[in-house]
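Side-chain atoms are counted along with the backbone in the values below, which use heavy atoms only and exclude waters and symmetry mates. Because the structure is predicted, anything quoted here is derived from the model rather than measured. Every chain is numbered from 1 and lettered A, B, ... according to where its sequence line falls, protein lines coming before strand lines.
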Amino acid sequence: MSQILAVGEQRDGVVRGATREVVSAAASTASELGGDAHALLLGGAGMGEAAQELGRFGAAVVKVAEHEALSGYQGEGYARVLAEQIRSGGYAAVFFPGTIQGKDLAPRVAALLDVPLAQEATEISVRDGGLEIVRPIYAGKAFARVRIDAAPVLVSLRPNVFPAEERDGAGTVEAVAVEVDSSGWKARTVEFQAQGGDIPDVAEAAVVVSGGRGLKDPEHWGILEELREAIGSQAGLGASRAVVDAGWRPHAEQVGQTGKTVAPKLYFAVGISGAIQHLAGMRTAGTIVAVNRDPDAPIFKVADYGVVGDLFEVVPRLTQEIRALKSEG
Amino acid sequence: MNILVCVKRVPDTETRVRIAEDGQSIDPSGVKYVVSPYDEFAVEAALRTKEALGEGEVAVVSLGGEDSQETLRSGLAMGADRGVLLKGEVTMDGLATAKTLAAHVEEEGPDLVLLGVKAVDDDQQQVGPMLATLLGRPCVTGVAEFEMKDGTAVCRREVEGGVEVVEVDLPAVITVTKGPFEPRYASLKGIMAAKRKPLDTKEVEVPASSLEVKALEPPPEKAEGRIVGEGPDAVPELVRLLREEAKVL
Ligand SMILES: Cc1cc2nc3c(=O)[nH]c(=O)nc-3n(C[C@H](O)[C@H](O)[C@H](O)COP(=O)(O)OP(=O)(O)OC[C@H]3O[C@@H](n4cnc5c(N)ncnc54)[C@H](O)[C@@H]3O)c2cc1C
Ligand SMILES: Nc1ncnc2c1ncn2[C@@H]1O[C@H](COP(=O)(O)O)[C@@H](O)[C@H]1O
């Protein structure tokens with residue numbers, strides 16, 4: 001009985017966020033425990049392809065629960081269906097993606113199952129037959145190593161931290177019938193206002209180009225936009241609080257203690273001083289590049305690579321070099 | 001309409017975190033404590049709602065030690081009407097906290113419970129939706145702004161890739177994120193008035209938890225960063241390093 005359930009996230013049949021990472025992590029942890037990973041997708045209809053994909057990322061069984069009422073995320077409804085599946089599956093652990101949706105869903109499920117939850121794990125290991133979880137606290141200024149002695153152990157995984165590995169072989173896809181009574185739901189999503197077009201959200205992007213007050217004027221964002229485009233479709237835009245408060249950029253782009261926590265593979269901090277509240281949101285990024293004309297700016301203390309200079313000269317050159325690199329192939 | 005805001009005492013965001021000798025807590029010496037920033041946004045949202053409706057009460061509640069009275073006084077100084085200290089132990093297990101808060105909510109029966117989207121010490125981001133689930137109330141998380149319309153709160157919620165508008169019927173639970181409204185500063189008059197506002201203390205029994213903190217650790221040592229060079233001439237070398245050394249381009 002060492003099965004681990006990975007909770008998937010999809011929108012319109014497309015796997016989202018950290019789902020692949022969560023399935024991969026569930027598969028490797030389960031094999032250490034001598035079991036295997038299952039994945040579960042909740043949604044309206046047409047999730048067949050998404051389900052097969054999760055099979056390739058290590059789920060031995062992918063359960064698909066389709067119901068009209070589940071076509072859009074509804075916390076209360078999703079939590080009930082999920083809690084029921086977890087109960088009947090007898091899982092040792094359940095891994096959630098640490099996305100906005102995952103972090104909304106996991107606590108509801110924890111309360112229904114009466115077990116604790118560790119949010120945004122950055123490391124999960126098997127020790128003495130149980131799971132030990134490492135998670136950042138104080139905005140990454142420290143890490144807590146925790147153990148949960150309950151069944152199942154509920155954990156959400158910080159996006160972009162765990163590797164997503166495609167494996168040989170495919171899982172079996174299994175449809176599960178679920179009963180959903182939506183008549184008692186008291187929260188209704190009435191509208192979705194898409195922002196940022198096709199650009200990935202700062203919390204999901206593999207590369208983030210972030211700008212601060214050093215850009216001096218919202219009109220100057222074009223140079224960051226060009227850098228982002230040169231890098232490619234996996235890049236998103238971020239901002240410091242100073243420029244969000246000034247109304248130059250939307251709050252959705254804010255990185256930091258009172259914005260989003262991001263952990264992309266590559267983070268560009270352009271004209272950002274590196275205040276502790278900003279570092280709180282991005283210090284766990286894989287590689288950090290800082291461009292600042294002040295050699296004493298605190299951002300250089302966390303940056304892997306720094307360029308001291310005027311961003312209005314450095315960034316366009318960077319865009320040009322990256323474009324050249326891409327066209328070489 | 002009665003609104004209850006849950007507030008937590010946490011170290012100031014500027015605090016340099018040092019791990020105490022026991023390896024399981026942080027060294028409190030020299031640490032300045034504040035109301036968790038998102039909870040301040042929640043208090044502000046509660047006060048604006050009361051002002052817009054022209055009636056009702058805003059109460060603040062905190063689970064913690066004697067020190068949390070200070071946190072409650074900050075809420076009172078901003079304009080809340082009364083405070084309740086639930087005197088008991090705070091752990092990293094949000095479910096234990098949620099159960100304790102739930103017992104209090106059932107006693108008082110507020111129409112709306114507001115919390116911060118997360119407390120910036122443990123960063124667990126869970127107490128709000130847990131509390132709502134325990135109470136059988138609906139919950140909307142990460143709300144930047146909401147407005148009351150005939151017993152329904154119309155919420156703007158920031159999600160990946162956009163904004164969701166969610167309507168929720170009261171009684172409900174809402175967790176608040178940074179929105180367009182700056183929390184108000186407590187005026188001197190507010191601070192004086194807060195001293196005379198009711199602040200009750202209730203001893204509570206926090207349920208035992210199966211979440212154990214084994215150790216706190218400093219962040220992994222990061223190799224000293226490197227200044228690649230100055231000005232645009234440093235860019236080719238930067239790109240080379242990103243490609244060949246960091247392998248991220
Ligand atoms: C409770 C609380 C929560 C907070 N939460 C957040 C948060 O979530 N996120 C956040 O970011 N901040 C947050 N802050 C604010 C934070 O303290 C800083 O004020 C903010 O991050 C500064 O933004 P900045 O770096 O863009 O601006 P500044 O500090 O003004 O830095 C601008 C930088 O640009 C450089 N520069 C200027 N011109 C050029 C040029 N031509 N070329 C190159 N470099 C140039 C300057 O040298 C400077 O380093 C919070 C503060 C508090 C109190
Ligand atoms: N000890 C506490 N007392 C009162 N409210 C709390 C306490 N702990 C958490 N909360 C509330 O729950 C929110 C989320 O906390 P957390 O889930 O711990 O990140 C906080 O912003 C507070 O509003």
Checklist entry - For Glu76(A), is it the side chain, the backbone, both or neither that has a heavy atom under 4.5 Å from a heavy atom of chain B? => result side chain
Next on the checklist: With a 4.5 angstrom heavy-atom cut-off, is it the side chain or the backbone of Ala144(A) that approaches chain B, or both, or neither?
Outcome noted: both
Checklist entry - In residues 287-298 of chain A, which residues are in contact with chain B at a heavy-atom separation under 4.5 Å? => result Thr287(A), Ile288(A), Val289(A)
Checklist entry - Minimum heavy-atom separation for Ile137(A) to Asp122(B), with atom names? => result CG2-O, 3.6 Å
Next on the checklist: Looking only at side-chain N and O atoms, does Lys103(A) offer a donor or acceptor that is under 3.5 Å from a partner on Gln126(B)?
Outcome noted: no
Next on the checklist: Less than 4.5 Å to any heavy atom of chain B: does that hold for the side chain of Ser156(A), its backbone, both, or neither?
Outcome noted: neither
Checklist entry - Does any N or O in the side chain of Asp201(A) come within less than 3.5 Å of the main-chain N or O of Gly161(B), such that one atom is a donor and the other an acceptor? => result yes
Next on the checklist: Below 4.5 Å, heavy-atom pairs only: which of Asp149(A), Val202(A), Leu105(A) has the largest tally toward chain B?
Outcome noted: Asp149(A)
Checklist entry - Given the rule in the salt bridge (charged side-chain N to carboxylate O under 4.0 Å, His left out) test, do Lys178(B) and Asp245(A) qualify, once you have shown the distances and angles that lead to the verdict? => result CA-CA 11 Å; Lys178(B) 177 175 178 281; Asp245(A) 283 354; 3.0 Å; yes
Item to check | Glu191(A) side-chain N/O to Glu164(B) backbone N/O, donor-acceptor pair under 3.5 Å | outcome: no
Item to check | Gln277(A) versus Glu14(B), side-chain donor and acceptor atoms under 3.5 Å | outcome: yes
Checklist entry - Between Arg188(A) and Asp169(B), is there a salt bridge with N-O shorter than 4.0 Å? => result yes
Checklist outcome for this item: By side-chain contact (heavy atoms from CB on, under 4.5 Å), Glu132(A) pairs with (sequence neighbours left out) Ser125(A), Arg127(A), Arg145(A), Lys214(B)
Next on the checklist: When you compare the side chains of Glu245(B) and Tyr305(A), does any donor N or O come within less than 3.5 Å of an acceptor on the partner?
Outcome noted: yes
